[in-house]
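Encoded as structure tokens, the structure appears first; notes follow it.
Reminder, nothing fancy here: chain letters follow the sequence lines and each chain counts from 1.
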2 protein chains.
Amino acid sequence: MSADHLFAALASPARRELLRMLRDEGAQPAGRLAERFDMSRPSVSEHLKVLKDAGLVAETRKGRERHYRLEAAPLLELRDWLTPYERFWRERLTALDALLDDMEDDMEDEDAR
Amino acid sequence: MSADHLFAALASPARRELLRMLRDEGAQPAGRLAERFDMSRPSVSEHLKVLKDAGLVAETRKGRERHYRLEAAPLLELRDWLTPYERFWRERLTALDALLDDMEDDMEDEDAR
DNA sequence: TTGATACGTAGGATAATTCCTACGTATAGT
DNA sequence: ACTATACGTAGGAATTATCCTACGTATCAA
């Protein structure tokens, strides 16, 4: 629910790499993720926990293994967060944008340059 | 260029709020941003520095004031990062998943519009 | 039952983040 | 020149993040 957890979870390169693995290679047990990581297995477990708390990952227990799978739904929130910024990079491409920026920045010394 | 700085910059709620202010209210001097923040002015300056290092904000000196403006270009990188995950929530839109989602997730206005 | 396997959790060292209060610097106004 | 304003930076306290090694627990295989 809280966007804070989501952004915080994505702030770590290690956790983004874990997400990428799950995305490209499908659901996997924790150990398999860890063995290709330059990091101890318990640390990977910690990262997976953070991802789980952010709702980005879900686990399914299969015997003594725990399969982790990507849960992309929270990323919709990220996409929604991004939306109101879209007009800024679209406007950037027009000459009109510069004019509008100047008008809202300051109405006074337009000729100073 | 480094996505790490970008994600790290966005991890802080205070910095996201600053971005929102610059987006909704246009470029402003640092002090005006700070005075509506429940945070000391120097701390806001620090946050602005982090945003600047991430390329999300640019400053223009006007006399003794420094106007900060939103620089949305780096957010394109975030959008690109998001792209390969899109198919995952698209797959979830099959009839069965949509039903399950509605039951477990929320009664929100996803479909209400 | 015994031993190995697949994990998570505890505890701790170190580093990074986040906030503050001083203080320094440059500009503006008088 | 002198004071006020708008900032950033220094330095430090408190918190949180990030990694590790040890250890505990559940499952599987014999």
Side-chain angles (χ1 to χ4, degrees), chain A residues 2-22 25-69 71 105-106 108-109 112-113, chain B residues 2-22 25-69 71:
Chain A
S2 147
D4 288 7
H5 285 11
L6 175 63
F7 278 99
L10 295 176
S12 153
R15 288 192 288 269
R16 292 200 304 278
E17 175 65 10
L18 286 171
L19 288 180
R20 192 201 57 76
M21 282 176 163
L22 293 177
E25 307 165 7
Q28 310 178 44
R32 186 133 65 92
L33 290 162
E35 70 192 5
R36 281 168 303 147
F37 236 78
D38 186 22
M39 188 179 290
S40 75
R41 192 188 44 72
S43 295
V44 172
S45 265
E46 269 298 322
H47 283 303
L48 286 170
K49 186 185 181 184
V50 174
L51 290 171
K52 208 177 78 177
D53 290 348
L56 286 164
V57 140
E59 72 175 299
T60 315
R61 305 194 181 196
K62 298 221 168 181
R64 62 187 161 183
E65 293 184 342
R66 300 190 186 192
H67 281 68
Y68 285 90
R69 69 172 180 280
E71 205 63 50
D105 273 0
D106 52 299
E108 62 272 346
D109 50 3
R113 287 182 284 255
Chain B
S2 146
D4 288 7
H5 284 11
L6 175 63
F7 279 100
L10 296 175
S12 153
R15 287 192 290 266
R16 292 200 304 277
E17 176 64 11
L18 285 171
L19 288 180
R20 191 201 58 75
M21 283 176 163
L22 293 177
E25 307 165 6
Q28 309 178 44
R32 185 135 64 92
L33 291 163
E35 72 193 4
R36 284 167 301 147
F37 236 79
D38 185 24
M39 187 181 290
S40 76
R41 192 190 45 71
S43 296
V44 172
S45 264
E46 268 296 323
H47 282 304
L48 286 170
K49 186 185 181 184
V50 173
L51 289 171
K52 209 178 77 177
D53 290 347
L56 286 164
V57 140
E59 73 175 298
T60 314
R61 306 193 180 196
K62 297 222 166 180
R64 61 185 162 184
E65 293 183 340
R66 299 189 186 192
H67 281 66
Y68 285 90
R69 70 171 180 281
E71 205 62 52

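- With hydrogens and angles left out, the side-chain atoms of B/R36 and B/Q28 include a donor and acceptor closer than 3.5 Å.
- A 4.5 Å side-chain heavy-atom check between A/F37 and A/L18 finds at least one atom pair inside the cut-off.
- For residues 6-14 of chain A, proximity to DNA chain C is found at no residue, defined as any non-hydrogen atom under 4.0 angstrom from a strand atom.
- Near DNA chain C, defined here as any heavy-atom distance below 4.0 Å, the residues from residues 32-43 of chain A are A/R41, A/P42, listed numerically.
- Looking at B/K62 and B/E65, no side-chain N of the basic residue comes within less than 4.0 Å of a carboxylate O on the acidic one, giving no salt bridge.
- Between B/E59 atom CD and C/dA26 atom C1' the separation is 13 Å, expressed in whole Å.
- Between B/H47 atom NE2 and C/dT18 atom C1' there is a gap of 6 Å when expressed in whole angstrom units.
- Within the 4.5 Å cutoff, no side-chain heavy atoms of B/L10 are placed close to those of A/L10.
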Worked verdict on A/D53 versus A/K49 for side chain to side chain contact (heavy atoms under 4.5 Å, CB included): CA-CA 6 Å; A/D53 290 348; A/K49 186 185 181 184; 4.2 Å; yes

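- The distance between atom CD of A/E46 and atom P of C/dG11, rounded to the nearest whole Å, is 13 Å.
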A/R20/A/R16 under side chain to side chain contact (heavy atoms under 4.5 Å, CB included): CA gap, chis, key distance, verdict: CA-CA 6 Å; A/R20 192 201 57 76; A/R16 292 200 304 278; over 6 Å; no

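- The interatomic distance linking A/D4 (CG) with C/dT18 (P) rounds to 12 Å, in whole Å.
- Inter-residue side-chain proximity for B/E59 and B/R61 is flagged as met; some heavy-atom pair is nearer than 4.5 Å.
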Below 3.5 Å is the cut-off: list the nitrogen or oxygen pairs between protein and nucleotides 28-30 of chain D, distance only.
none

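- OP1 or OP2 of C/dA6 has not a single side-chain nitrogen or oxygen of A/H67 nearer than 4.0 Å.
- Closest to the side chain of B/A30, from the set D/dC7, D/dC19, D/dT9, is D/dC7.
- Applying the 6.0 Å contact sphere to NE2 of B/H5 captures no more than 12 heavy atoms from other residues, nucleotides or ligands.
- Side-chain contact between B/K52 and B/E71: absent, with no pair of heavy atoms (C-beta onward) separated by less than 4.5 Å.
- In this structure, a donor-acceptor pair under 3.5 Å is present between the side chains of A/T60 and A/R69.
- Note: NZ (B/K49) to C1' (C/dC19) measures 15 Å, nearest angstrom.
- Contact annotation for A/R61: no contact, since no heavy-atom pair falls under 4.0 Å across all strands.
- In this structure, B/E17 places its CD atom 15 Å from P of C/dT18, rounding to the nearest Å.
- Counting to the nearest Å, the P atom of D/dA6 and the CG atom of B/L48 are 16 Å from each other.
- Using a 4.5 Å heavy-atom threshold, the side chains of A/L22 and A/L56 count as separate.
- Between the CD atom of A/E65 and the C1' atom of C/dT5 there is a distance of 9 Å, rounded to whole Å.
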